[in-house]
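Order of listing sets the numbers, starting from 1, for every ligand and every atom in it. Numbering of residues begins at 1 and proceeds along the displayed sequence.
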Amino acid sequence: MTPLYDIRHPAFHALIQHNVGLKQLSSGHMWTEGPVWVPAHQCLYFSDIPNQSILRWTPDGAVTALRRNSNFTNGNTLDRQGRLVSCQHGTRTVVRTQTDGSIKTLADHYEGKRLNSPNDVVVKSDGAIWFTDPTYGIMGNYEGYRSVPEQEARNVFRLDVETGTLTSVVGDFLQPNGLAFSPDESILYVADSGTHTDGTAPATIRAFDVVGGVALTNSRVFATIEPGVPDGIRVDFHGNLWTSSADSVQCFNPQGMLLGRILVPEVVSNLAFGGPRNTHLFITATTSLYAIHVNTEAAICSYRSTHLI
Ligand code: MG
């Protein structure tokens with residue numbers, strides 16, 4: 001039997017549950033992404049990008065469609081009011097689902113040019129929306145609509161929701177992808193899933209110091225992922241960073257040391273903490289949604305807002 005854990009440091013034992021297995025909650029999808037736990041409805045939303053769907057898993061085991069014709073929605077998160085914020089490849093936008101169910105476009109252009117294809121998104125405690133804008137959703141017609149990029153860079157953006165001002169906070173990534181703040185929001189982590197023209201991939205997660213809550217400085221490599229490249233990432237309330245990779249979810253401590261891995265039988269795209277008692281780690285991996293019980297939970301708990309939809 002294939003082992004479930006690859007423990008690299010004793011500290012990993014305190015973060016996992018040894019008497020549990022990895023459970024496949026749903027399968028038969030095309031490319032799952034964008035998991036987010038929604039406490040107000042006690043369910044998990046996740047995307048199936050090529051199938052143009054946002055799906056909903058509930059603890060009774062049912063998987064139903066939250067939204068069809070999702071415009072190739074990729075990453076999802078909740079804002080401080082518990083509203084769903086999503087990245088759409090098809091419209092090349094970041095959108096918010098309003099409390100009346102309508103969908104409001106929050107960002108679609110930067111410096112007068114269309115965005116590439118927003119990929120993943122987080123909301124800071126001040127309500128600002130930070131998201132990545134690689135070109136995956138316009139490279140072909142599988143996860144979006146093939147198009148020539150208008151942006152000169154693949155940026156990480158900060159959107160001031162109050163003013164609508166969109167600012168590039170860093171623009172030197174090959175393909176910025178997952179992103180997450182440290183528990184005190186003093187550090188932003190950003191995954192680079194891109195490849196150089198010679199086919200090599202840095203496969204790095206970079207860390208930045210957050211200046212004044214709005215800008216980034218002091219770029220450094222936090223971790224290098226193998227096998228594969230990092231896609232979605234999350235930080236737990238201890239400050240450990242959990243990342244996707246080709247064969248596992250990998251956990252790094254705040255100093256960038258690999259503590260251990262949870263082996264997954266499909267290429268992992270993203271992950272999310274949550275569940276009815278906040279003991280689940282949900283994992284989107286290629287055709288499936290998995291979950292495993294862990295002994296830690298999310299750092300940034302916007303979903304604990306008292307103003308949930
Ligand atoms: Mg992604």
Checklist entry - Less than 4.0 Å between a side-chain N and a carboxylate O, is that true for Asp108 and Lys113? => result no

Checklist entry - What does the angle at the Mg ion (ligand 1) come to, between atom OD1 of Asn119 and atom OE2 of Glu33, rounded to 10°? => result 140°

Next on the checklist: On the six-membered ring of Phe222, is Arg206 placed so that its NZ or CZ lies under 6.0 angstrom from the centre and within 45° of the ring axis?
Outcome noted: no

Checklist entry - Below 2.8 Å, any N, O or S contact between Asp231 and the Mg ion (ligand 1)? => result yes

Checklist entry - In terms of the angle between their ring planes, are His18 and Tyr5 parallel, tilted or perpendicular, with boundaries placed at 30° and 60°? => result perpendicular

Next on the checklist: Regarding Asn177, does it place an N, O or S atom less than 2.8 Å from the Mg ion (ligand 1)?
Outcome noted: yes

Item to check | Salt-bridge contact Arg154-Asp192 (side-chain N to carboxylate O under 4.0 Å) | outcome: no

Next on the checklist: If I take every N, O or S atom of Ser193, is at least one of them less than 2.8 Å from the Mg ion (ligand 1)?
Outcome noted: no

